[in-house]
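Reading through the structure tokens given below for one structure.
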Amino acid sequence: MISPLRGMKDLTFDESQRFEYIIETASTIARRYGYGYIETPILEETALFKRSVGESSDIVGKEMYQFIDKGENDVCMRPEGTAGVVRAFISAKLDRQPNKQKFYYYGPMFRYEKPQKGRLREFHQFGCESFGEASVYEDFTIISMMAQIFDALGIKYELIINSLGCSECMPPYRENLVNFLTDIQKELCEDCNRRIVTNPIRVLDCKNGKCQSHLNLSPKLIDNLCEGCDDDFKELTRMLETAGIAYRIDTNLVRGLDYYNKSAFEFVSSEIGAQSSIAGGGRYDKLVEFLDGKPTPAVGFALGIERIMELVKMPEEQPEGYYMGAMTPEAIPTILTLATRKRLTDKVTIEYTSKGFKSHMKGVDKANPKYAVLIGEDELANGTVWVKDIETKEERVVKVEEL
RNA sequence: GUGGAUGUAGUUCAGUCGGUAGAGCGACAGUUUGUGGCACUGUAUGUCGCGGGUUCGAGCCCCGUCAUCCACCCCA
């Protein structure tokens with residue numbers, strides 16, 4: 001027997017239904033906000049991810065499904081969705097159009113990690129990317145859209161926000177932070193010592209308790225934002241408050257991907273184990289030009305479908321369509337042609353083996369149809385079918401053509 | 001990459017001191033042959049993860065291996 005690869009899963013029945021429901025709900029809401037569907041390749045040139053996600057990140061550093069294809073191209077299976085969408089945006093020369101562009105996408109992502117609860121090697125994300133809108137109101141709109149999606153799915157969440165500053169206020173802060181960290185270097189863990197050089201901002205995010213205890217006094221970016229960033233962040237919090245969206249500011253919230261600036265946000269759930277982050281996003285104003293496009297501000301987010309799968313409250317299933325069966329073998333062809341006709345408009349469950357009434361009714365219970373349709377010897381002789389409305393329990397015998 | 005736990009029927013699990021497997025759920029059939037869901041009765045199903053070792057004898061003990069789960073880490 002061949003099993004699926006490590007960290008990859010088949011979805012069937014209840015799970016695949018939940019999956020579809022999440023996509024449908026999120027897509028419907030995204031369309032209301034003016035987003036159009038975009039589909040981009042799963043395989044991309046490795047350089048795309050190195051330049052966008054960043055070589056210092058674990059994702060690019062050690063988790064990519066990277067290989068040389070038969071044409072000797074260095075390629076990767078996408079570990080996240082934003083890079084590909086930005087690349088597509090630039091490839092289509094949309095960065096030279098004056099209008100704003102908004103895209104939503106969903107599909108599989110691949111990261112070669114050790115699997116555990118909420119962490120798979122092939123997982124699925126739903127995401128949105130908004131290009132050309134620099135206003136902080138777009139950041140707010142995206143966050144409220146995410147909140148709306150989670151509300152629609154019946155998922156409880158906590159929203160965490162932070163500002164990562166911009167190219168004006170981040171560099172001086174960064175220098176400031178490096179100085180601070182260098183002073184307390186001896187107290188920090190091995191990883192953090194490496195991060196001081198590679199990505200000092202991430203030290204703030206270290207899960208090591210000893211490190212955290214020394215970081216209390218670290219300079220906070222939130223206190224060192226430039227005027228523009230500060231105003232925007234304050235406006236964002238004001239808007240969230242008026243909208244009644246609860247949030248918590250976490251000055252240590254650092255998104256794991258290098259391309260973010262200004263607003264960063266994350267939705268977390270306390271009900272799904274250690275991998276508690278269910279969606280994340282933020283602004284990435286420099287990424288388009290970084291990937292050789294015309295400078296274009298952008299904001300986006302992605303949500304992890306598997307992470308919220310068990311949290312989703314599914315609507316109750318309604319009885320639908322017909323169950324058809326025969327109690328005499330000669331009636332099976334009649335049932336079949338009837339089913340074919342009905343399937344033009346309705347769901348039909350059909351049983352090909354002729355069997356007793358009771359057996360069929362058990363099949364009816366399983367199929368959960370609106371109507372049960374059976375043909376026995378009498379009906380076959382008269383050219384009729386027996387129909388029962390399962391909800392009202394009302395029974396009728398009608399001509400085959402009249403059904 | 002590091003650490004811990006677990007692999008027995010479709011599924012959830014039990015299996016004592018080592019004596020070649022059992023329950024619940026589900027499935028299927030039946031309870032006077034055409035009125036279901038409930039109940040009752042009955043039936044079927046196993047490479048005991050895989051490979052080796054110890055033993056008269058291994059689901060159980062030992063070694064290895066693979067997989068799953070959980071945590072660290074990372075992140076959606």
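The chains referred to below are lettered A, B, ... by the order of the sequence lines, with proteins before strands, and numbering in each begins at 1.
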Write down the distance between [atom1] ([X]) and [atom2] ([N]), rounded to a whole number of angstrom.
| X | N | atom1 | atom2 | result |
| --- | --- | --- | --- | --- |
| Lys362(A) | A39(B) | NZ | P | 12 Å |
| Gln116(A) | A67(B) | CD | C1' | 16 Å |
| Leu374(A) | U33(B) | CG | C1' | 16 Å |
| His124(A) | A76(B) | NE2 | P | 16 Å |
| Asp365(A) | C28(B) | CG | C1' | 15 Å |
| Asn252(A) | C75(B) | CG | P | 14 Å |
| Met64(A) | C75(B) | CE | P | 14 Å |
| Arg121(A) | C73(B) | CZ | P | 19 Å |

Mind checking [X] for me? I need base, sugar-phosphate or nothing, with any heavy atom below 4.0 Å counting as a touch.
| X | value |
| --- | --- |
| Gly81(A) | nothing |
| Gly376(A) | base |
| Ile305(A) | nothing |
| Lys62(A) | nothing |
| Leu120(A) | base |
| Lys366(A) | sugar-phosphate |

Open item on the list: More than 12 heavy atoms of other residues, nucleotides or ligands under 6.0 Å from OH of Tyr112(A): yes or no?
Closed with: no
Open item on the list: Testing the 3.5 Å rule here: is there a donor-acceptor pair between the side chains of Thr349(A) and Tyr322(A)?
Closed with: no
Task: Aromatic-base stack, Phe123(A) on A76(B), cutoff 5.5 Å, angle under 30 - done: yes
TODO: Quote, to the nearest angstrom, the C1' distance that separates A71(B) from G15(B).
DONE: 30 Å
Open item on the list: Taking only the P atom of each, what is the distance from G30(B) to C48(B) in whole angstrom?
Closed with: 33 Å
TODO: Tell which nucleotide pairs with G1(B), taking only Watson-Crick or G-U wobble pairs whose two distances are both under 3.5 angstrom.
DONE: C72(B)
